[in-house]
Amino acid sequence: MRQTATHKQTPKSSLSTRTNKRHGNAFLNSVTDKIMPYLIAIIVIHQMWLGRWRAYYKWMFLYIILTGLMAFFVLRRLWKETMVENKNWAIVVASVITFIWVVLLLGTVIGQLWIENDPPLFMEISFISLGTLYFMAISMVLCDIGDKMVSTCIKKGKTPSKTHRRTKNIIIAVLTLTLTIISLIGNSPSVVDVEINIPHLPVAADGFTIVQISDLHIGAVVGLSYLESIIDTIIQLKPDILVMTGNIFDYRYSYYYEPQADVFKKLTQPTNKPPNGIFFVPGSSEHFGGGTRTWLGLLESYEIIDLRNGYVPIAKNNETLFYMAGTDDWHSRYFYESRSVSDVTLLKPHLNVQFPNILLSNSPSYFYDAKSIGIDLQLSGRTMGGQVFPMHFLVYFFYPYFSGLYEEGKSAIYVSQGTGFWGPPMRLLSKSEITRVTLRAREKMTKNNKDDL
């Protein structure tokens with residue numbers, strides 16, 4: 001028996017929708033096939049030249065690649081959604097995302113050459129655009145995961161309707177806007193008080209205060225007004241010592257930031273200066289671009305002591321209380337201008353074990369060696385507390401000493417969440433902080449406990 005095939009007529013609107021979607025996917029697949037090999041080749045070439053390029057240019061190169069990939073992910077995702085609905089809307093969306101990426105790149109490059117007292121508005125907009133793009137990518141991933149779970153459990157593989165797609169896009173837009181607004185609100189640094197018990201700390205040092213600022217990143221989005229508020233807060237706290245644990249200045253040229261750096265002069269006035277001095281160790285940012293010597297010279301002119309690989313006694317009324325040491329950032333090994341040894345274990349022969357020893361280091365990773373050689377307390381930064389969720393997971397993977405106080409045996413480390421911002425002036429599930437560390441003598445605490453009994 002012969003069978004005759006029956007053909008169902010496809011609705012015109014459905015055929016048009018499928019055609020637009022097919023063309024959209026074909027276009028993006030074509031772009032992906034053409035761009036990705038070049039990106040891979042560029043990254044390989046970058047790795048080959050890693051030891052020969054200036055760190056600043058290497059960082060800018062990676063910045064362009066990473067932001068470009070993030071923008072491409074968002075663009076492709078939105079293109080697939082909007083191409084189904086309307087080709088003209090897809091072109092508009094693609095133009096907007098491309099514009100945002102170009103703006104944030106121009107803001108990063110041009111903004112560094114156009115800084116007086118505060119970073120220009122154009123640069124702030126560019127970094128906020130970067131943060132918004134980041135939150136949009138995160139929102140898309142979260143919505144896709146949620147949609148996949150719902151589809152698996154309820155819809156059982158049914159093709160999403162037009163209403164479903166629109167609802168999903170609205171959720172992405174609302175979530176992106178909400179996260180952006182929340183991350184921009186209330187980012188002024190707060191004072192975080194921490195009491196740390198140190199073995200064999202002299203009773204005379206009980207209550208000794210150390211104020212720590214870290215990871216300010218002056219120059220990108222942190223300008224004069226922000227820095228002035230921090231300096232005023234430090235003066236009000238009246239610490240015995242002020243320490244700056246790296247990444248205070250960003251980028252290449254110190255003379256662009258001298259108006260901001262001049263604010264530190266307020267701390268050198270007799271009524272404002274901490275009685276036991278101001279100490280500084282660099283982070284990676286001070287080394288990028290080869291301007292470390294200029295930075296250090298500028299800070300030393302403000303009576304701020306460079307404690308790289310240094311070891312000094314801290315005394316009160318001619319009585320030694322403890323010793324303070326500092327280490328350079330491991331990035332220094334790649335810079336001819338500022339190359340120095342950043343091996344903590346080299347401090348061991350110089351340690352006076354009769355007194356407590358406190359180490360300043362931008363990277364908390366040095367704590368593994370520091371506790372093995374007898375460092376009692378390490379003050380660090382670097383991690384920014386993850387700054388914007390969910391970067392916390394990635395930062396924690398590289399720095400298990402992530403944020404706050406950790407005590408291991410007789411040693412302790414405090415990791416600041418940073419006083420400024422890195423990149424976008426945004427924070428989500430983290431907080432900018434000025435840390436006030438109060439040292440406590442265990443002997444005195446034990447005596448007070450016996451008196452209570």
Under 3.5 Å: donor-acceptor pair, side chain of [X], backbone of [Y]:
{"X": "N317", "Y": "E319", "result": "no"}
{"X": "Q212", "Y": "S380", "result": "yes"}
{"X": "T320", "Y": "A315", "result": "no"}
{"X": "H392", "Y": "L429", "result": "yes"}
{"X": "T209", "Y": "D240", "result": "yes"}

Review point. Hey, mind stepping through F322 and F208 against ring-ring contact (aromatic ring centres under 6.0 Å, His included) and telling me if it holds?
Key: CA-CA 11 Å; F322 56 88; F208 194 95; 5.3 Å; yes
Can you check whether [X] reaches [Y] side chain to side chain, under 4.5 Å on heavy atoms?
{"X": "P390", "Y": "I138", "value": "yes"}
{"X": "F279", "Y": "I241", "value": "yes"}
{"X": "T438", "Y": "I196", "value": "no"}
{"X": "I314", "Y": "F355", "value": "no"}
{"X": "V395", "Y": "M384", "value": "no"}
{"X": "I375", "Y": "L351", "value": "yes"}
{"X": "V388", "Y": "S430", "value": "no"}
{"X": "V263", "Y": "L224", "value": "yes"}

To the closest 0.5 Å, what do you measure between [atom1] ([X]) and [atom2] ([Y])?
{"X": "K273", "Y": "L267", "atom1": "NZ", "atom2": "CG", "value": "10.0 Å"}
{"X": "M426", "Y": "I182", "atom1": "CE", "atom2": "CD1", "value": "11.5 Å"}
{"X": "S403", "Y": "K431", "atom1": "OG", "atom2": "NZ", "value": "13.5 Å"}
{"X": "L379", "Y": "S361", "atom1": "CG", "atom2": "OG", "value": "10.0 Å"}
{"X": "N362", "Y": "S416", "atom1": "CG", "atom2": "OG", "value": "10.0 Å"}
{"X": "D376", "Y": "K371", "atom1": "CG", "atom2": "NZ", "value": "14.0 Å"}

Point to revise | Sequence-distant partners of K266, salt bridge (charged side-chain N to carboxylate O under 4.0 Å, His left out), two or more places apart | key: D232
Point to revise | Results of salt bridge (charged side-chain N to carboxylate O under 4.0 Å, His left out) for E407 - residues two or more places apart only | key: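 Once residues adjacent in sequence are excluded, E407 has no partner under the salt bridge (charged side-chain N to carboxylate O under 4.0 Å, His left out) criterion.
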Practice item. Using the side chain to side chain donor-acceptor pair (under 3.5 Å) rule, take N357 and Y311 through it: C-alpha gap first, then chi angles, then the decisive distance, then the call. Key: CA-CA 9 Å; N357 293 281; Y311 189 67; 2.4 Å; yes
Can you name the nearest heavy-atom pair linking [X] to [Y], along with the distance?
{"X": "G326", "Y": "L347", "result": "O-CD1, 4.5 Å"}
{"X": "N187", "Y": "P425", "result": "ND2-O, 3.4 Å"}
{"X": "V222", "Y": "H217", "result": "CB-O, 3.8 Å"}
{"X": "H200", "Y": "V353", "result": "NE2-O, 3.8 Å"}
{"X": "T419", "Y": "I230", "result": "CG2-CD1, 3.6 Å"}
{"X": "S363", "Y": "R382", "result": "CB-NH2, 3.9 Å"}

Exercise for review: State yes or no: are the ring centers of F421 and Y226 separated by less than 6.0 Å?
Suggested key: yes
Practice item. May I ask you to check whether Y368 and Y401 place their ring centres under 6.0 Å from each other? Key: yes
Exercise for review: Step by step, work out the side chain to side chain contact (heavy atoms under 4.5 Å, CB included) result for L428 and F135.
Suggested key: CA-CA 10 Å; L428 186 64; F135 286 129; 3.7 Å; yes
Practice item. Report the relative orientation of the aromatic rings in F402 and Y396; use parallel for angles under 30°, tilted for 30 to 60°, perpendicular for over 60°. Key: perpendicular
Practice item. Go through the steps to decide whether I218 and I248 satisfy the test side chain to side chain contact (heavy atoms under 4.5 Å, CB included), and finish with yes or no. Key: CA-CA 6 Å; I218 297 172; I248 303 301; 4.0 Å; yes
Please tabulate, for side-chain N and O atoms in residues 170-179, each donor-acceptor pair with protein atoms closer than 3.5 Å (sequence neighbours left out).
from	atom 1	to	atom 2	distance (Å)
T176	OG1	S139	OG	3.3
T176	OG1	I172	O	2.8
T178	OG1	V174	O	2.7

Practice item. Please test V211 against I434 for side chain to side chain contact (heavy atoms under 4.5 Å, CB included), starting from the C-alpha separation and ending with a verdict. Key: CA-CA 7 Å; V211 165; I434 300 172; 3.8 Å; yes
**Study point:** Worked verdict on T271 versus Q269 for side chain to side chain donor-acceptor pair (under 3.5 Å)
**Key:** CA-CA 6 Å; T271 56; Q269 298 174 6; 4.6 Å; no
Exercise for review: Give the C-alpha distance, both sets of side-chain angles, the deciding distance and a yes or no for side chain to side chain contact (heavy atoms under 4.5 Å, CB included) between I358 and L439.
Suggested key: CA-CA 11 Å; I358 298 177; L439 305 182; 4.0 Å; yes
